[in-house]
Amino acid sequence: MNKLWSEVQNEFAGGRNMAQPNGAGELNAVKLETDLLEQWKQENAFASSVQHRSNGAPFIFLEGPPTANGKPGIHHVVARTYKDLVCRWKTMEGFHVERKGGWDTHGLPVEIEVQKRLDLMSNEAIEQFGMDAFNQACRDSVWTYEAAWREMTERMAYWVDLDEPYVTLDNNYVESCWWALKQMFDKGFLYRGHKVLPYCPQTGTSYSSHEVALGYKEVEEPSVYVKFKLTDEDASILAWTTTPWTLPGNVGLAVGPDITYARCRIKEAAGEGWIGAGGANVGEEVILAKDLMKEVLRHHVDIIEEFPGSHLVGRSYEPLFTDAVPRGDSSTAWTVLAADWVTTTDGTGVVHTAVMYGEDDYNLGMEAGLPAYHTVEMNGQFRAGTHPELDGKYVKDCDASIISLLSAPNGSNGAGPESGLLYREKNYSHDYPHCWRTDHPLLYYAMDSWFVRMTAVKERLLEFNDQVEWAPDWVGEGRFGEWLRNVKDWAISRERYWGTPLPVWRSANGQMKCVGSIAELQAEVAKAVAAGIENPPCPDDVDLHRPIVDGFTLLSDEGEPMHREPFVMDCWFDSGCASFAQWHHPFDGGERFNASSPVDYICEGVDQTRGWFYTLLAVSTTVFDSMAYKRCLSLGLILDAEGKKMSKSRGNIVDPWDHFNREGADATRWYMVTAGAPWNPMKFDANGVRETYAKMFLTMWNVYKFHADYAALDGFDPETTTSDIATRPELDRWILSRLATVAKNYHESFVDWQFHKACRDLEDFIVNDVSNWYVRRSRRRLWDEAESGDKLSCQHTLHEVLMTVCRLVAPVSPFMVDVIHRNLTGRPVHEANWPVGVPGTLEGATADSWDQEAAKATAQLPPQDLALESTMELVRELAEAGRRIRIDAGRRQRLPCAQGWIVAGPDLLPFHDLLAEELNVESILVETDLDRFQRIELSPNFRALAPKARAQVNDVANAIKNTEDPEGMLAQIQAGTAEVLGVLIEESDVEIKRVERSGFAADTVEMEVNENTIQVSLVLDMNDTPALLSKGMARDITRRVQAKRKALDLEIEATIDLEIWLANAPEMMAADEDWVAHETRAAGCVFHPNDATPAGDAESFDVDGTTVSFTVK
RNA sequence: GCGCGGGUGGCUUAGUCGGUUAGAGCACCCGGCUGAUAACCGGGAGGUCGCAGGUUCAAGUCCUGCCUCGCGCACCA
């Protein structure tokens, strides 16, 4: 070697030709990454990479805004990896990919957080504290973890602009939301309604269906069968409910008019098996659906009468709680009503109806003219006057009281039958919606609310959804499509404080005005002031939040004062506006949004299907009548190593820094991408990250180090030297062909969203093909100190392979490959061109300037030679076969064989030297007389045989397989005279396999060549000669001495003095002794003959009965 | 309850049109190789392919039912 190792190390700092690689040091992945981050920061690498493509066609990415009031976890890293990798990939392809960051800052999660901190657990408490101060606290709280998010984002190398992000609380952002709402208002999509909605008394607000979907939990609760006593007859109608708290509100019973009901008389007292409260006396009569008698009744009864439900309609019954609901002017209260939605799947076939606490109940009540009266207050407590034992109590705590009231001897109304009004209680388990923030059960509750008429645009939603490229496709067709087909009007108002205020003002007589901008607000305020209505000032920068906006009183066209509807918006509405509100559209002039709509790519967790994926589409459909995004990657859930969902409450959230600080972000990202398809749930296994680091990144680094160290030693410069690929050795042409094949497949997998497959294959290529074969086989080529064409070939090849690999890896794991790429080429990898693609075929490539850009961005891959690839595969299999043969024969690896025979197969002449070395044989011979080492086996081809042999196929197959004389049978087959069990066997019915004859040290490998399977055998000569024994001994001695050198931590160049004693050894040839000296860099090397006594400090080892002792000095 | 996606050695996973020996990696054991790395190579042990039926000459693969996990929908009295 022409330079000492230490000299190379010292060269790192010195200036030199940009393209001439430096040597590589030991790998410290974490330091490599953090140093590079610093360098990126200084170079402004992200902005530069975007700017670099400013002439390219735009590829529009939209960031789904996270909330920064929670700590980021590993699942956020996953989503950000997939966002980042697509953006980086598209950038390398030549697209101009801007990435604006965003923050979601409004809404319930923020409020709850602040409420907990300030101990303001009710709306009253908040108002007492002051809405102003409360909202300020929210505004501050939003940024609690912003630094943590920023650090995580930077450390994982998610390139997104966090310096000018969109923020949903910004006035500009809110103003755009107002504008959007006004578009809906003007189109008649926005309306005020009174509906039964899932309502949380703790947070004091109702929820939209997508929020409710977040909180279903299975609960077991008491359900009750209640007797409703008819007024004109001594009989009761049985009804069932799972929500006893709604019973005081009962004002009607619904029956199916066509359902058959039965009137039954209790025949005898209930048996011992009766559990729980309630009951009935002998002789008492109850009415219920005939089909449900078995399920419901626990007494023996006589059926007295059967009739359809219509016969019951109009009958009146006694209220359960006499004073709970005032009758008002209702004539239908406490009567039986007909409803076609009543079923007999459970319950009694009679539905207890409490107008205000069920959607069907409410609609029926409105239709039938039942009194619409709340027995429950907004805080979830029974209203005063409901019942002395219930008034002022939280309804969910009253199940037991209500049950005992009903089952009391006189019933809850004090007038019931002796046995009470309760027939039976039964625990019932079902999924029930709970508040996604506080975990309390939601109450279905009739209230005023604002809605977006999504049902009016259902068809458009479905049409737009059809045009979205979903990954995986079944999310779009299935889950999301199903959601859209069942679309409900979007309840967008919240009885809350911290959010985008609903910009609608309303007068006492119901006239309404929707304000769509600050300017409009100012104009309206001015108008009101002019009419004498007092108003606070409304400057250009008026804060578009509560309570400021609540302060404005506007003027209706009729001259009445209008007050703002006291709601804020569902915070999902905010993020649904992101595609335009991020640009302050349309107040910015509209260009930015028009140029970036619809969005090319979004990516979030699958849990956003009902969330962001939906609200984006909902808003763009109602506001623009257009689709929102063209491609949507929906990511699977992240589970912990046990397969449990990661959640704060479970405490099983993985901290990304555990891995950033150990294996680095490269390995973390690569692991996440290779762990499975992006849309499948991922079990995050810390061990897997480590494995990825050890396999993928250490290997890649060592390949690079191998190249860079010698390139630096030799002053290799890829730009000033050339090496025609056509003239390079097979090994080089092989790895380059593999590179081309792998790169093309990689790209195709990317296009198909199969990132996991792409990366698994690439990793396999780097580890197996590049490191374990190409580099291993090339090591000696670079040891050669003299300049040579062969060495140059190898260096160019390594250079090309590494450069392309860097570019392929870069979008997924951007650190190490940037360091490598820079050292190899002087250029950052993130401004390099994607190595795969065809000019002009990239989507968006319409403008001329773009075509040129695309063409430039399309690098050339080396030529593919598939025949060479398959030949090399065979060579590698033969090398492995050789090792197997030796182990079977008990011949140690370092003892050479005189010769090896290759039997059959393609010409491997160019690889004979390589094989001789791998197999440790003196020479490789090609055996053309196949029968010398091989015999034939026949195996049945079921596909061909089955149609002919039918049921006998197994017998025929066995006969073929087990024939005593396969050669003879083959001859018959070929002659057309082979018949087994009456079936004529043709050549296509069998597969002819050649395997090694027994009695040889041999093995046979199989492989596919041009759709045919061929068998190639390898035979090794196991005979020993004195020359072979001597050579083998020299090899073993050398290996031991080298190990000793390594143990002594000697410099590679250092020379040693070597003494060797042999006992019971073969005679050593002088040439072999010289070889030992040369290989071990022994200046002095003494071989003591057999039986000399070794020095006292000599180490010894045994090999095949020989004892070798040696000293290294 | 309905729908979607899973269930393959201890763990992670591949498995094409159904074709007879279910393939890798990690971990484990034995051996080899190495101035090549946490590497590499060979071998071994480890599998009722969730269960039960069915179709078929042949089922991990197709059909039916069930169990189980995850997700979603509907949950309403």
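Labels below follow one simple rule: chain letters A, B, ... track the order of the sequence lines, proteins then strands, and each chain is numbered from 1. Since we're looking at a predicted model, the values are computed, not measured.
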Separation of atom [atom1] in [X] from atom [atom2] in [N], rounded to whole Å:
{"X": "A:Arg760", "N": "B:G23", "atom1": "CZ", "atom2": "P", "answer": "18 Å"}
{"X": "A:Asp709", "N": "B:U37", "atom1": "CG", "atom2": "P", "answer": "11 Å"}
{"X": "A:Asn920", "N": "B:U34", "atom1": "CG", "atom2": "C1'", "answer": "14 Å"}
{"X": "A:Leu919", "N": "B:C41", "atom1": "CG", "atom2": "P", "answer": "16 Å"}
{"X": "A:Leu484", "N": "B:C73", "atom1": "CG", "atom2": "C1'", "answer": "13 Å"}
{"X": "A:Glu763", "N": "B:A38", "atom1": "CD", "atom2": "P", "answer": "17 Å"}
{"X": "A:Glu482", "N": "B:G72", "atom1": "CD", "atom2": "P", "answer": "12 Å"}
{"X": "A:Asn772", "N": "B:C33", "atom1": "CG", "atom2": "P", "answer": "18 Å"}

Quick one: label [X] by what it contacts on the DNA or RNA (base, sugar-phosphate, nothing), any heavy atom closer than 4.0 Å.
{"X": "A:Thr343", "value": "base"}
{"X": "A:Arg1039", "value": "base"}
{"X": "A:Thr246", "value": "nothing"}
{"X": "A:Arg943", "value": "base"}
{"X": "A:Arg690", "value": "base"}
{"X": "A:Tyr444", "value": "nothing"}

Validation row: A:Gln893, A:Arg883 side chains within 4.5 angstrom (heavy atoms):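 SC-SC contact between A:Gln893 and A:Arg883 confirmed.
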Non-hydrogen side-chain atoms of A:Leu919 and A:Leu1018 separated by less than 4.5 Å: yes
Pairing of A:Glu918 and A:Arg876 as salt bridge, 4.0 angstrom limit: no
Cationic N near anionic O, under 4.0 Å, A:Asp1036 to A:Arg892: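 So A:Asp1036 pairs with A:Arg892 through a salt bridge.
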How far, in whole Å, is [M] from [N] if one measures between their [atom1] atoms?
{"N": "B:C49", "M": "B:G42", "atom1": "C1'", "result": "28 Å"}
{"N": "B:C4", "M": "B:G43", "atom1": "C1'", "result": "44 Å"}
{"N": "B:A77", "M": "B:G72", "atom1": "C1'", "result": "24 Å"}
{"N": "B:U34", "M": "B:U61", "atom1": "P", "result": "47 Å"}
{"N": "B:C17", "M": "B:G25", "atom1": "C1'", "result": "28 Å"}
{"N": "B:U55", "M": "B:U64", "atom1": "P", "result": "15 Å"}
{"N": "B:C28", "M": "B:U16", "atom1": "C1'", "result": "33 Å"}
{"N": "B:U68", "M": "B:C30", "atom1": "P", "result": "42 Å"}

Closer than 3.5 angstrom, by distance alone: can the side chain of [X] be matched with the main-chain N or O of [Y] as a donor-acceptor pair?
{"X": "A:Asn680", "Y": "A:Gly676", "result": "no"}
{"X": "A:Trp334", "Y": "A:Asn250", "result": "yes"}
{"X": "A:Asp666", "Y": "A:Met816", "result": "yes"}
{"X": "A:Gln754", "Y": "A:Glu748", "result": "no"}

Step through it carefully: locate the ring centre of [X], locate the ring centre of [Y], and say whether they are under 6.0 Å apart.
{"X": "A:Phe480", "Y": "A:Trp483", "answer": "no"}
{"X": "A:Phe613", "Y": "A:Trp470", "answer": "yes"}
{"X": "A:Tyr671", "Y": "A:Tyr693", "answer": "no"}
{"X": "A:Trp245", "Y": "A:Tyr357", "answer": "yes"}

A:Tyr225 and A:His352: CA distance, side-chain angles, deciding distance, ring pair (Phe, Tyr, Trp, His ring centres under 6.0 Å) verdict: CA-CA 10 Å; A:Tyr225 295 86; A:His352 137 70; over 10 Å; no
Sequence-aligned protein contact record of nucleotides 24-29 of chain B, with B where the base is within under 4.0 Å of a protein heavy atom and S where only the sugar-phosphate is: -SS---
Per [X] side chain, nearest of listed nucleotides [options]:
{"X": "A:Asn486", "options": "B:C73, B:U34, B:G43", "value": "B:C73"}
{"X": "A:Arg479", "options": "B:G72, B:U37, B:G35", "value": "B:G72"}
{"X": "A:Asn680", "options": "B:G35, B:G5, B:A77", "value": "B:G5"}
{"X": "A:Thr699", "options": "B:A77, B:G43, B:U37", "value": "B:U37"}
{"X": "A:Lys488", "options": "B:G42, B:A74, B:U37", "value": "B:A74"}

Comparing A:Gln893 and A:Thr353 on RNA chain B - which has the more 5′ nearest nucleotide: A:Gln893
Whichever of A:Ala694 and A:Asp1036 has its nearest RNA chain B nucleotide further upstream toward 5':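 So the residue in question is A:Asp1036.
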Polar atom pairs between nucleotides 57-63 of chain B and protein, under 3.5 Å, N or O only, would you list them?
{"unit_1": "B:C57", "atom_1": "O2'", "unit_2": "A:Asn954", "atom_2": "ND2", "d": "2.8"}

Minimum heavy-atom distance A:Ala254-A:Leu364, with the two atoms named: CB-CD2, 3.8 Å
Donor/acceptor link under 3.5 angstrom from A:Arg883 side chain onto base of B:G32: no
A:Lys683 vs B:U12: side-chain N/O to OP1/OP2 distance below 4.0 Å: yes
N or O in side chain of A:Thr242 less than 4.0 angstrom from B:A77 OP1/OP2: yes
Which nucleotides of RNA chain B pair, in dot-bracket form (Watson-Crick or G-U under 3.5 Å, | meaning another strand): (((((((..((((.....[...)))).(((((.......))))).....(((((..]....))))))))))))....
Chi angles and distances behind the ring pair (Phe, Tyr, Trp, His ring centres under 6.0 Å) call for A:Tyr199, A:Tyr445: CA-CA 6 Å; A:Tyr199 170 82; A:Tyr445 197 94; 5.1 Å; yes
